[in-house]
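Accompanying notes for the structure given below.
Not measured: the values here are computed from a predicted model. Order of the sequence lines sets the chain letters (A, B, ...), proteins ahead of strands, with each chain counted from 1.
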Amino acid sequence: DGGITQSPKYLFRKEGQNVTLSCEQNLNHDAMYWYRQDPGQGLRLIYYSQIVNDFQKGDIAEGYSVSREKKESFPLTVTSAQKNPTAFYLCASSILTQSYNEQFFGPGTRLTVL
Amino acid sequence: ILNVEQSPQSLHVQEGDSTNFTCSFPSSNFYALHWYRWETAKSPEALFVMTLNGDEKKKGRISATLNTKEGYSYLYIKGSQPEDSATYLCALKTSYDKVIFGPGTSLSVIP
């Protein structure tokens with residue numbers, strides 16, 4: 001079955017530690033995205049990538065880093081510089097077309113900083 | 001900063017009631033509008049993509065309309081069922097690679 005997987009589902013981190021969230025897709029999509037959701041807010045874009053070895057900052061990139069070494073994989077690292085990392089993180093992928101790019105989402109990772 | 005708004009924030013309806021909610025967006029920089037349904041403990045799933053002013057889309061009991069000139073889209077659910085309980089997100093595509101999500105409307109259908 002084609003889809004997007006994220007791991008782990010729940011993640012606990014001590015303050016000051018870096019942590020990496022995994023995102024893998026087998027949909028052969030060019031574009032991948034990372035979003036953050038906080039209570040009462042919409043999905044906010046952290047980083048996105050349209051092609052291997054290239055990525056762009058979204059609206060809230062500070063304190064995060066990504067890599068795109070393979071088309072299938074787009075891991076997100078939450079660094080110790082992120083001041084308020086406790087949130088729900090969603091990964092998505094899409095084809096890129098001129099008129100629309102419906103996004104397919106993974107199940108998400110809930111990160112809690114202790 | 002472009003902003004996408006949704007109203008109401010939450011909604012509780014009785015089973016069988018019809019309901020509707022709104023997505024508002026700046027009418028400039030419009031490429032497309034998406035509606036997603038996000039059920040608890042699942043991933044958001046696409047309902048509709050709408051690209052033209054006046055577009056109307058329908059899937060079963062759910063339909064949506066689009067007015068790009070005034071910057072809004074309505075989502076309608078006819079005869080709500082408990083399985084319709086979810087958060088409904090709209091997302092505005094403003095350029096080739098940029099999408100802005102609204103905060104969502106949380107719908108609870110009471111049996």
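Counting heavy atoms of neighbouring residues, nucleotides and ligands inside a 6.0 Å radius, atom CD of B:E15 exceeds 12 of them. Annotation: B:K57, atom NZ; neighbour count of heavy atoms from other residues, nucleotides and ligands within 6.0 Å is above 12. Atom CD of B:Q81 has more than 12 heavy atoms from other residues, nucleotides or ligands within 6.0 Å. Heavy-atom neighbours of B:E83 CD from other residues, nucleotides or ligands within 6.0 Å: above the threshold of 12. For B:I110, the CD1 atom is densely surrounded, since the number of other residues' heavy atoms within 6.0 Å is greater than 12.
Atom OH of residue B:Y36 and atom CZ of residue A:F105 lie 5.0 Å apart, to the nearest 0.5 angstrom. To the nearest 0.5 Å, atom CG of residue A:L45 and atom CD1 of residue B:I100 are 9.5 Å apart. Note that NZ of B:K93 is 9.5 Å distant from CD of A:Q103, once rounded to the nearest 0.5 Å.
The choice from B:G104, B:S10, B:P44, B:A46 that makes the most heavy-atom pairs within less than 4.5 Å of chain A is B:P44. Of all the listed residues (A:G108, A:A31, A:G42), the one sharing the greatest number of non-hydrogen pairs under 4.5 Å with chain B is A:G42.
Annotation: side chain of B:V99 is not in contact with side chain of A:S94 (no heavy-atom distance under 4.5 Å). Under the 4.5 Å side-chain criterion, counting only non-hydrogen atoms from C-beta, A:Q37 is not in contact with B:F101.
Under a hydrophobic clustering in which Ile, Leu, Val, Met, Phe, Trp and Tyr are joined whenever their side-chain heavy atoms come within less than 4.5 Å, directly or via other members, A:I60 and A:Y47 fall into the same cluster. Residues A:L21 and A:Y33 do not share a hydrophobic cluster, defined by chaining ILVMFWY side chains whose heavy atoms lie under 4.5 Å apart.
Residue contact with chain B, scored on non-hydrogen atoms closer than 4.5 Å, is absent for A:F104. Proximity to chain B (any heavy atom under 4.5 Å) is restricted, for A:Q41, to the backbone atoms N, CA, C and O.
Across all their heavy atoms, B:S43 and A:G106 have their closest contact at OG-O, 2.8 Å.
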